[in-house]
Amino acid sequence: IMCASAKYNTRGPALIPRMKTKHRIYYITLFSIVLLGLIATGMFQFWPHSIESSSDWTVEKRSVHDVPVVKLPADSPIPERGDLSCRMHTCFDVYRCGFNPKNKIKVYIYSLKKYVDEYGTLVSNTISREYNELLTAISDSEFYTDDVNRACLFVPSIDVLNQNALRIKETAQALAQLSRWDRGTNHLLFNMLPGGPPDYNTALDVPRDRALLAGGGFSTWTYRQGYDVSIPVYSPLSGEVDLPEGGPGPRRYFILSSQMALHPEYRLELEALQAENGESVLILDKCTNLSDGVPAVRKRCYKNQVFDYPQVLQESTFCVVLRGARLGQAVLSDVLQAGCVPVIIADSYILPFSEVLDWKRASVVIPEEKMPEMYSILQSIPQRQIEEMQRQARWFWEAYFRSMKAIALATLQIINDRIYPYAAISYEEWNDPPAVKWSSVSNPLFLPLIPPQSQGFTAVVLTYDRVESLFRVITEVSKVPSLSKLLVVWNNQNKNPPEDSLWPKIRVPLKVVRTAENKLSNRFFPYDEIETEAVLAIDDDIIMLTSDELQFGYEVWREFPDRLVGYPGRLHLWDHEMNKWKYESEWTNEVSMVLTGAAFYHKYFNYLYTYKMPGDIKNWVDAHMNCEDIAMNFLVANVTGKSVIKVTPRKKFKCPECTAIDGLSLDQTHMVERSECINKFASVFGTMPLKVVEHRADPVLYKDDFPEKLKSFPNIGSL
Amino acid sequence: MQTRKKYIFLTFLASWLLLFFFGGDQLRRFAFFSGRKAEARRNWPRWTDRSLLKSFADPEELQRDGDPALLSPRERRAAWLSVHKSSRCRMETCFDFSRCERHGFKVFTYPQERGQPISETYGKILSSIKRSRYHTPNPEEACLFILSIDTLDRDHLSGQYVRDVDEKIRGFPLWNGGRNHLIFNLYSGTWPSYTGELGFDIGQAMLAKASFDTQSFRPGFDVSIPLFSKDHPQRGGDRGWLYQDSVPPKKKYLLVFKGKRYLTGIGSGTRNALHHIHNGKDIISLTTCKHGKDWEKHKDTRCDKDNVDYERFDYQELLHNSTFCIVPRGRRLGSFRFLEALQAACIPVLLSDGWELPFAEVIDWGRAAVVGSERLLLQIPSAVRCIHPERVLAFQQQTQFLWDAYFSSVDKIVHTTLEIIRDRLSPHRSRSRFLWNALPGGLLVLPDFSTHLGDFPFYYLQQGYNPSEKFTAFIRVVSQAGSLSQPILRLIQAVSGSQYCAQIVVLWSCEKPPPPSGKWPQSAVPLTIIRGSGKLSERFFPFGAIQTDAVLSLDEDTSLSTSEVDFAFLVWRSFPERIVGFPTQSHFWDPEQGRWGYTSKRTNELSIVLTAAAFYHRYYHSLFTEYLPAGLRELVDGLAACEDILMNVLVAAVTKLPPIKVTQRKQHKEGVAQQAQCRDGAAGTPPPGQRSPSAPHSAPAKAKGTAGSRRFSQRQDCLDQLADWFGYMPLVSSQLRLDPVLFKDQVSVLRKKYPSLEK
């Protein structure tokens with residue numbers, strides 16, 4: 001439309017002067033059409049619509065009070081009570097979710113209505129601030145769809161967060177008349193305060209048939225494992241009070257109880273603890289003589305002392321979270337926010353998001369019967385672990401408690417993971433705080449396996465045009481007993497490899513791969529021709545390694561299949577003067593890298609190098625024609641967290657930095673370049689993953705006073 | 001005219017603009033403006049008055065969630081006991097925790113009655129419990145009770161079905177309504193519905209049952225166990241079939257199934273549909289109709305062709321060569337297939353709706369299996385095709401870890417069941433989910449040692465910790481001399497000279513009292529003396545005096561230099577889960593005698609590092625003392641020089657990796673002879689009761705010859721008996737030794753950090 005009017009404008013001035021009478025008629029006609037169009041639009045706009053099409057399309061600027069009113073006749077149907085036997089495979093319609101490449105469920109939100117009974121009395125508050133935030137979060141998320149026909153999950157806009165704020169029967173009737181209700185199949189209700197006096201049920205009392213319930217305060221008897229989702233009770237204080245992360249470490253009090261309406265029996269037990277252990281236990285209660293205007297919920301008292309709540313929670317190592325009339329308590333959220341380790345005393349309580357969160361790492365659960373032993377139980381926890389629990393508690397709050405959005409998205413993700421289990425989020429992603437995710441490694445080859453010797457290894461020789469030297473390398477390497485295949489990567493596009501007949505005759509298959517471009521990364525491509533796990537990368541000029549040395553290198557690799565096992569070792573050092581990393585090739589007592597001019601490694605790292613190398617490192621290496629080996633060392637160390645293994649004694653290698661015989665200058669530029677690579681890679685990885693060690697691997701009897709002919713690998717370190 | 005034109009033009013323009021403002025949204029929806037744009041999504045409205053909305057609950061209401069009219073907590077708990085019984089049982093209502101307080105977690109098995117045959121499998125379960133460190137013969141101190149009646153097969157059509165269980169149980173004085181009892185069951189219900197019916201009243205007993213369905217499973221109370229065959233090994237167990245991490249992790253077939261197709265009855269829905277996904281190329285799904293007596297009666301048109309195809313493939317071959325294996329429900333929810341696929345590293349694709357997966361209370365099956373839905377069978381091929389190769393590789397490795405940690409033997413299955421129950425008794429001293437799902441697995445991690453991951457040798461890399469930077473030198477003294485010998489003085493001096501040494505702990509295992517503190521050499525590090533009892537296994541007792549992660553275990557006559565110690569410690573910091581040390585030995589299979597042998601001769605391999613000079617993590621002291629059953633420690637107390645073999649076997653069983661040898665200045669030889677004297681003195685001739693009953697031929701007194709040869713033959717016995725107890729030979733051989741980087745290289749001695757090691 002914008003385009004249409006603009007087009008007319010540009011043309012306008014040229015047209016108007018030539019306007020004649022017949023043009024005028026033409027214009028008047030056009031004008032009337034437009035006018036009619038306007039009227040029609042207006043009519044359409046303000047005409048009462050059918051329920052389905054009353055979209056929220058035009059109501060962007062509407063008030064909650066203006067939403068349509070729906071009257072519920074007294075005899076409108078009521079859903080069945082919740083079915084305790086419901087599970088995903090019995091009560092959930094997976095066909096609605098379908099298979100999709102993104103593995104995301106689609107969630108539809110019903111539009112907001114105001115429900116009244118026959119007499120025009122409201123059934124409940126239209127919507128609470130929190131429920132509105134929750135629905136907004138869903139609507140803004142990837143899960144949301146506005147197409148009711150594509151939806152897999154339906155979220156009613158009927159607010160049932162607090163059971164006390166609604167009329168049970170009428171709310172149930174309101175649910176039943178939702179357009180896609182169908183016994184509540186695939187409907188998700190959010191409730192934080194279930195039950196009411198006198199028996200305080202632990203799940204929402206509103207009859208809801210097959211609907212899933214995301215509830216705060218489930219007990220093991222009402223929670224349908226794998227169907228319902230246990231959620232926190234949101235604490236609105238989270239939004240009001242900003243508690244900066246306190247950081248782990250000892251705090252003023254050891255145990256703190258801040259709840260106001262504790263049952264007298266619990267309070268007696270807590271006071272007994274306090275009497276026994278003195279000042280390290282602080283039992284707070286409501287304040288009796290607060291001046292007017294001070295909100296009671298923000299203060300706590302002990303005798304005459306007044307404390308700010310929730311700030312006081314940051315003063316304690318452990319904070320007690322006891323059950324009240326309900327199992328779920330908002331104080332849990334405050335406690336986590338304060339980085340205080342919750343001590344949860346509520347038998348049979350299903351902790352929030354317990355399906356995915358490992359609460360043992362963030363809290364202490366104590367059976368009610370054992371309350372008197374609380375102090376000694378908590379004392380037995382090692383300090384280091386307490387610090388981690390504090391960090392973990394804060395992380396849980398930040399990720400899953402702090403806002404209605406966090407609660408909504410975690411709930412949907414849990415349901416999503418059930419429907420697409422093969423794409424589910426891992427334990428680590430749910431539970432590890434960012435600091436741990438950053439400092440830890442998860443080794444892709446984590447199973448301790450010693451690969452069978454019979455498998456052998458594939459030698460990959462990268463070559464350009466040094467045919468003579470290449471042939472010598474081939475001949476030498478072919479003498480190694482465990483060699484199972486030899487792969488020559490011909491990196492010269494201008495020249496054909498020698499004819500078949502010219503190649504050395506060796507006992508294992510020899511394959512030549514021609515590359516499309518002269519790139520160093522071709523050396524690390526996971527060629528299908530490599531059928532063994534072990535790869536020996538070897539330069540076309542490394543002829544000084546003996547067969548024993550290579551065979552021994554392979555045996556060492558078998559014992560460390562997730563590491564780079566190589567011959568010449570190198571070191572990185574921190575240059576204090578220049579404040580950056582430096583490359584070192586001297587005779588040092590330490591190694592942190594091995595050159596891939598002769599190194600064994602797992603084929604998996606070829607795959608990682610080619611497809612998972614972080615940042616632009618791969619292209620950078622190809623452009624600079626240098627440092628592919630350093631990049632490989634970084635990659636492997638970063639993903640495994642382990643050092644390289646250098647094998648066998650040092651010998652004079654024909655290697656890049658050794659070839660520069662004709663003067664120091666070339667040597668030095670080379671070293672500078674290599675140092676730059678280290679600095680570049682360290683900045684791309686965001687860390688220095690290389691590990692420095694002082695050992696190398698030799699055969700058990702190396703240089704021992706023992707008959708040489710009885711040694712498995714006598715020919716080591718010679719030449 | 002001009003003004004009118006202008007006027008007309010302006011009105012026209014204005015009307016267009018008006019149209020745009022008011023009707024634009026509507027117009028966009030008309031057909032001629034088809035192709036809705038992405039941003040035109042109807043989102044949840046931003047209400048103008050959203051900030052004025054009331055909170056879902058008053059702050060007061062949230063914080064003062066109490067009702068004085070309610071039952072008191074004590075009354076409520078008492079009321080629960082009567083309400084939450086049988087199918088609503090939970091630990092807090094149906095389990096008597098007080099029974100476990102005095103003596104800890106002890107398990108009593110009812111004595112077997114005469115004339116009461118039990119199946120081979122149940123016999124294995126009972127013997128696993130008897131082999132466990134929790135077993136007690138005394139019902140008074142027991143926390144958990146196991147019946148001697150075979151309850152595994154409760155299909156009353158089966159030959160193993162035991163009749164009149166109710167009656168028998170009522171006769172047990174200890175039954176107590178089933179409280180604190182654990183009942184094992186593999187098969188329940190019968191044709192045609194195969195329900196969870198057991199045919200007797202279990203009262204308040206816990207159920208460890210295979211094929212549990214989620215609806216009858218009492219969470220946190222029952223335990224779901226896997227279905228295993230009667231040939232399942234008692235101990236040890238076969239290893240998994242994954243020998244290599246191939247990349248890309250593809251095998252010949254993507255997805256396979258070979259099994260019965262039920263023509264009627266429960267489970268036939270899924271089994272009847274399986275043939276649909278067969279494509280004859282990478283997805284092989286074969287079914288046969290041949291089972292039961294009257295299959296021909298129900299047979300349909302597919303049967304004959306299917307039966308022919310079925311015979312063309314071998315089940316084992318498919319299992320070995322496929323990436324994914326379909327594990328559908330049988331008549332019951334669980335099947336043997338599940339463990340078979342797990343062992344074969346064939347990622348199980350579960351099609352068994354409502355199955356409470358084995359040990360799902362602690363095992364995260366999402367990492368090792370694809371939990372499919374029976375209703376979405378046809379999506380399975382595309383779903384598994386979409387799984388990323390990296391994830392497939394991780395899945396495969398996880399199947400092997402889980403198989404080996406929890407399933408490969410009856411011992412492991414039963415012990416896992418017991419540990420799960422034990423973890424419930426004190427939630428604050430239990431294993432987190434992480435521990436159960438990471439190597440080396442929950443059984444090998446003792447929460448009594450610590451609940452902090454950083455205190456174990458296994459999680460440094462995964463959690464970003466580092467092993468401690470200091471070590472404790474732990475010297476065992478057994479010589480009868482009342483004074484300190486020269487070697488030990490030299491040793492203390494060398495060790496305390498190490499910059500990494502935090503403390504020295506001396507275990508004084510002689511009858512004579514240790515010299516007064518003034519006689520001990522002055523050293524820079526604190527020295528603690530512990531009086532020992534003289535038992536050989538005592539050197540691996542988790543003494544509280546050991547404060548560091550690393551322990552340097554030494555004999556009094558060991559000779560080491562400071563730089564040897566320094567170098568070995570730095571190597572240990574790279575391999576904190578292994579034993580790193582100096583003198584080594586290697587084991588071998590002696591085919592002539594059909595037993596395991598061991599040699600201290602110098603060979604090209606090593607699999608044992610003597611603990612006379614070795615670094616290892618102090619956690620292994622706890623594992624040695626707490627995890628191994630008392631009988632095994634008694635065995636090593638009775639046999640000379642067996643304790644360090646047991647330690648090596650234990651560490652190898654945990655890590656599946658060989659120990660590490662570091663270079664040593666000179667050979668460790670004369671020490672052995674000296675030790676012998678003292679060891680014999682310390683061990684004496686043990687009373688027969690102290691030895692394992694399975695080792696009658698191992699009494700040292702019977703061995704003739706010198707102390708050396710006697711000890712040697714005992715070592716052979718030792719290794720053989722340990723292999724027997726573990727059910728396999730855990731030791732792994734290594735061909736390498738770690739030396740300093742410049743060891744014996746042709747460079748100036750001045751450049752070398754450890755020149756003295758080359759002498």
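Chain A is the first sequence line, chain B the second, and so forth, proteins listed ahead of strands; every chain is numbered from 1.
- Proximity to chain A (any heavy atom under 4.5 Å) is restricted, for B:Ser733, to the backbone atoms N, CA, C and O.
- Within the 4.5 angstrom heavy-atom criterion, only side-chain atoms of A:Asp358, from C-beta onward, approach chain B.
- With a threshold of 4.5 angstrom between heavy atoms, A:Ser348 approaches chain B through its backbone and through its side chain.
- Between atom CG of residue B:Leu53 and atom CG of residue A:Asn125 there is a gap of 9.5 Å, rounded to the nearest 0.5 Å.
- Between chain B and the options A:Met88, A:Glu388, A:Gln259, A:Lys642, heavy-atom pairs under 4.5 Å are most frequent for A:Glu388.
- When heavy atoms are compared at a cutoff of 4.5 Å, A:Ser380 approaches chain B by way of both its backbone and its side chain.
- Both the backbone and the side chain of A:Val297 come within contact range of chain B, each with at least one heavy atom under 4.5 Å from a heavy atom of that chain.
- For B:Pro658, the part lying under 4.5 angstrom from a heavy atom of chain A is the side chain only.
- When B:Leu393, B:Thr663, B:Val349 are compared by the number of non-hydrogen pairs under 4.5 Å with chain A, B:Leu393 comes out ahead.
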Item to complete: Would you please test B:Asp353 and B:Ser373 for side chain to side chain contact (heavy atoms under 4.5 Å, CB included) and show each step?
Response: CA-CA 6 Å; B:Asp353 287 350; B:Ser373 162; 4.1 Å; yes
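- For A:Tyr200, the part lying under 4.5 angstrom from a heavy atom of chain B is the side chain only.
- Considering only heavy-atom pairs separated by less than 4.5 Å from chain B, the leading option among A:Glu369, A:Met260, A:Glu368 is A:Glu368.
- Within the 4.5 angstrom heavy-atom criterion, no atom of B:Leu435 approaches chain A.
- In terms of heavy-atom pairs under 4.5 Å with chain B, the best-connected choice from A:Val364, A:Asn162, A:Val64 is A:Val64.
- With contacts defined as side-chain heavy-atom distances shorter than 4.5 Å, the pair A:Ile377/A:Ile366 qualifies.
- Heavy atoms of A:Asn443 lying under 4.5 Å from chain B are absent altogether.
- For B:Gln244, the parts lying under 4.5 angstrom from a heavy atom of chain A are both the backbone and the side chain.
- No other option in B:Lys744, B:Lys752, B:Glu390, B:Arg573 has as many heavy-atom pairs under 4.5 Å with chain A as B:Glu390.
- Proximity to chain B (any heavy atom under 4.5 Å) is shown, for A:Leu135, by both the backbone and the side chain.
- Heavy-atom distances place the side chain of B:Asp745, and not its backbone, under 4.5 Å from chain A.
- No other option in A:Glu590, A:Lys603, A:Arg361 has as many heavy-atom pairs under 4.5 Å with chain B as A:Arg361.
- Considering all non-hydrogen atoms of both residues, B:Arg46 and A:Thr136 come closest at NH1-CG2, 3.2 Å.
- Chosen from B:Leu62, B:Ile387, B:Leu742, B:Leu242, the residue pairing most often with chain A at heavy-atom distances under 4.5 Å is B:Leu742.
- Proximity to chain A is limited to the side chain of B:Trp80, based on heavy atoms less than 4.5 angstrom apart.
- Proximity of A:Ser157 to B:Trp44: side-chain heavy atoms (C-beta onward) are separated by under 4.5 Å at one or more points.
- Proximity to chain A (any heavy atom under 4.5 Å) is restricted, for B:Leu439, to the side chain, taken from C-beta onward.
- With a 4.5 Å cut-off on non-hydrogen atoms, A:Glu559 touches chain B through its backbone and its side chain both.
- Aromatic ring orientation, B:Phe56 versus A:Tyr234: tilted (interplanar angle from 30° to 60°).
- If you measure heavy-atom distances from A:Glu133 to chain B, you find no contacts under 4.5 Å at all.
- Within the 4.5 Å cutoff, the side chain of B:Leu570 has heavy atoms near those of the B:Tyr754 side chain.
- Both the backbone and the side chain of B:Val571 come within contact range of chain A, judged by heavy atoms closer than 4.5 Å.
- A distance of 6.0 Å or more separates the ring centres of A:Tyr607 and A:His602.
- Taking chain A as the reference chain and counting heavy-atom pairs below 4.5 Å, the highest number among B:Phe401, B:Tyr459, B:Tyr465 is found for B:Tyr465.
- Looking at B:Thr655, the atoms closer than 4.5 Å to chain A (heavy atoms on both sides) all sit in the backbone: N, CA, C or O.
- Looking at A:Ala423, the atoms closer than 4.5 Å to chain B (heavy atoms on both sides) all sit in the backbone: N, CA, C or O.
- Of the two parts of A:Leu378, neither the backbone nor the side chain holds a non-hydrogen atom closer than 4.5 Å to a non-hydrogen atom of chain B.
- Heavy-atom distances place both the backbone and the side chain of B:Arg751 under 4.5 Å from chain A.
- If you tally non-hydrogen atom pairs under 4.5 Å between each of A:Asn589, A:Leu447, A:Val94 and chain B, the highest count goes to A:Asn589.
- Between A:Asp704 and B:Arg737 a salt bridge is recorded (basic side-chain N to carboxylate O distance below 4.0 Å).
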Mind running side chain to side chain contact (heavy atoms under 4.5 Å, CB included) on B:Val371 and B:Leu350 for me, showing each step along the way? CA-CA 5 Å; B:Val371 186; B:Leu350 301 168; 4.2 Å; yes
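- In this structure B:Asp58 satisfies the salt bridge (Lys or Arg N to Asp or Glu O under 4.0 Å) test with no other residue, sequence neighbours excluded.
- The greatest number of non-hydrogen atom pairs below 4.5 Å with chain A, out of B:Gln463, B:Glu356, B:Glu758, B:Arg76, is found for B:Arg76.
- Salt bridge annotation for B:Asp455-A:Arg384: present, with a cationic side-chain nitrogen under 4.0 angstrom from a carboxylate oxygen.
- Within the 4.5 angstrom heavy-atom criterion, atoms from both the backbone and the side chain of B:Leu461 approach chain A.
- When each of A:Thr220, A:Asp140, A:Val591 is scored by its heavy-atom pairs under 4.5 Å with chain B, the top score falls to A:Thr220.
- Salt bridge B:Arg74/A:Glu265: present, at least one basic N to carboxylate O contact under 4.0 Å.
- Contact of A:Glu694 with chain B is made through backbone and side chain together, with heavy-atom distances under 4.5 Å.
- Counting heavy-atom pairs under 4.5 Å between each of B:Tyr243, B:Phe743, B:Phe567 and chain A puts B:Phe743 at the top.
- For B:Leu376, the part lying under 4.5 angstrom from a heavy atom of chain A is the side chain only.
- Within the 4.5 angstrom heavy-atom criterion, only side-chain atoms of A:Val233, from C-beta onward, approach chain B.
- A:Lys703 has no carboxylate O lying under 4.0 Å from a charged side-chain N of B:Asp739, or vice versa, which leaves the two without a salt bridge.
- Taking CZ from B:Arg375 and OH from A:Tyr95, the interatomic distance works out to 6.0 Å, rounded to the nearest 0.5 Å.
- B:Asp245 touches chain A through backbone and side chain together, each having a heavy atom under 4.5 Å away.
- The contact between B:Thr214 and chain A is made by backbone and side chain atoms together, counting heavy-atom distances below 4.5 Å.
- Heavy-atom distances place both the backbone and the side chain of A:Ser85 under 4.5 Å from chain B.
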